[in-house]
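All values derive from a computational prediction rather than experimental measurement. So that the names make sense, note that chain A is the first sequence line, chain B the second, and so on, each numbered from 1.
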There are 2 protein chains.
Amino acid sequence: METPVFTPDALVKRLTDSGLRPTPQREVVFKVIVEKRDHPTADELFARVKAQMPTISLATVYNCLETLVQCGLVRQVNFERAPTRYCPNLCQHAHFRDEATGELHDIDLPPDMIARLRELLPPGFNATDIELSFRGQAAPGAVPVSHGTN
Amino acid sequence: METPVFTPDALVKRLTDSGLRPTPQREVVFKVIVEKRDHPTADELFARVKAQMPTISLATVYNCLETLVQCGLVRQVNFERAPTRYCPNLCQHAHFRDEATGELHDIDLPPDMIARLRELLPPGFNATDIELSFRGQAAPGAVPVSHGTN
DNA sequence: AGCTTGTTTAGAACTATTCTAATTCTCACT
DNA sequence: AGTGAGAATTAGAATAGTTCTAAACAAGCT
């Protein structure tokens, strides 16, 4: 599983390709979410982004995130009713939520498994998106997945 | 995949076994959620339950649902940030959310697939719960799963 | 009957997110 | 470079699902 590297240029391209404008806010939000590969909430991102652009507003962070999700550069991850978390790892993968810490870990999800999951669907069901999530205990120090710093 | 039948007696037993009291409210909520095997929200359940017990409050519906979930008689299903839905089908199964209608369908999830999913976890990760959900289009009239009226 | 503990209730409170309306920016076109 | 039109940002208000609070109620025990 490789980690695709999204340069700022890639962002600009994706945006303009979708008829959207590459604004400083979008660039900062994107940069910040990529540079630390965890699964921050909008609030956490807001805090990090404000360090670099103190005038940005929370609404804008939400807006930018929505845009990035639309462009396919960021994924949303929801666990129960906890605040939505954002995830720059675009390789198809599952999530493991550590019940003790609340932390999210990426879990590798090989394409053949995805194919097999898709086969569960009866005829007439057409899935555009599959989400797999685990909940449980993670041994401290257990290292998930192989792609980069998570 | 069989549909386990939960009689009111089963509810009483589960409750008392957990040191909880079998109250009329809990029984009504349970009865109502079992008798129509869809995936209602708390609000929808509130409406249905009020027909039988007009004095019940929304908070109580939430309380009862929480209790039922704790007793393992009902499952919560979350899709993105949509209102939590409650599901009396306790056989392990996945969910398919029809993007057009918002409806949820149960999808059969055979035990061997669950086992295989579990194997995705690196050592040190111990899942107590697995959730699999699909999002997409369902051909109208497509019938999911084989257990009862869903 | 009188405690004790668990449950229900109505309404207030909370919180993540979205909406609103005004302002500012970006960019294509002169 | 300047301008106009549409897009994006902003602060704050609004929304909505859910949880909290404090008081009233119920059901066993002694």
(message) D:dT9, OP1 or OP2 - any side-chain N/O from A:Ser57 closer than 4.0 Å?
(response) no
(request) Look at A:Thr23 and D:dA8 and indicate whether a side-chain polar atom (N or O) is within less than 4.0 Å of OP1 or OP2. (result) no
(message) Could you check whether any side-chain N or O of A:Arg26 sits under 3.5 Å from a backbone N or O of A:Arg21, counting only pairs where one atom can act as donor and the other as acceptor?
(response) yes
(request) Without swapping roles, check the side chain of A:Arg85 against the backbone of A:Asn78 for a donor-acceptor pair under 3.5 Å. (result) no
(message) Could you check whether any side-chain heavy atom of B:Leu65 comes within less than 4.5 Å of a side-chain heavy atom of B:Ile33, counting everything from C-beta outward?
(response) yes
Given atom [atom1] of [X] and atom [atom2] of [N], what is their separation to the nearest angstrom?
X       : N      : atom1 : atom2 : value
A:Lys50 : D:dT9  : NZ    : C1'   : 15 Å
B:Glu80 : D:dA16 : CD    : P     : 19 Å
B:Met53 : C:dT7  : CE    : P     : 15 Å
A:Leu20 : D:dG6  : CG    : P     : 17 Å
B:Leu65 : D:dT19 : CG    : P     : 10 Å
B:Glu44 : D:dT18 : CD    : P     : 11 Å
A:Phe46 : D:dT9  : CZ    : P     : 14 Å
B:Asn63 : D:dC20 : CG    : C1'   : 10 Å

(message) Base, sugar-phosphate or nothing for B:Pro24? Non-hydrogen atoms, less than 4.0 Å.
(response) nothing
(request) Tell me which of B:Cys64 and A:Gln25 sits closer to the 5' end of DNA chain C, going by the nucleotide each one is nearest to. (result) B:Cys64
(message) Using the side-chain heavy atoms of B:Arg21, tell me which of these nucleotides is nearest: C:dT9, D:dA8, C:dT5.
(response) C:dT5
(message) Base contacts versus sugar-phosphate-only contacts with protein, heavy atoms under 4.0 Å: please encode nucleotides 15-23 of chain C as B, S and - from 5' to 3'.
(response) -SBBB----
(message) Looking at A:Arg135 and A:Glu99, is any side-chain nitrogen of the basic one under 4.0 Å from a carboxylate oxygen of the acidic one?
(response) yes
(message) Check A:Arg75 with A:Asp106, please: is the shortest side-chain N to carboxylate O separation under 4.0 Å?
(response) no
(request) Not counting sequence neighbours, which residues clear side-chain hydrogen bond (donor to acceptor under 3.5 Å, both in side chains) with B:Ser133? List them please. (result) none
(request) For the pair A:His39 and A:His95, evaluate ring pair (Phe, Tyr, Trp, His ring centres under 6.0 Å) and give the outcome as yes or no after the intermediate values. (result) CA-CA 10 Å; A:His39 299 82; A:His95 287 106; 5.2 Å; yes
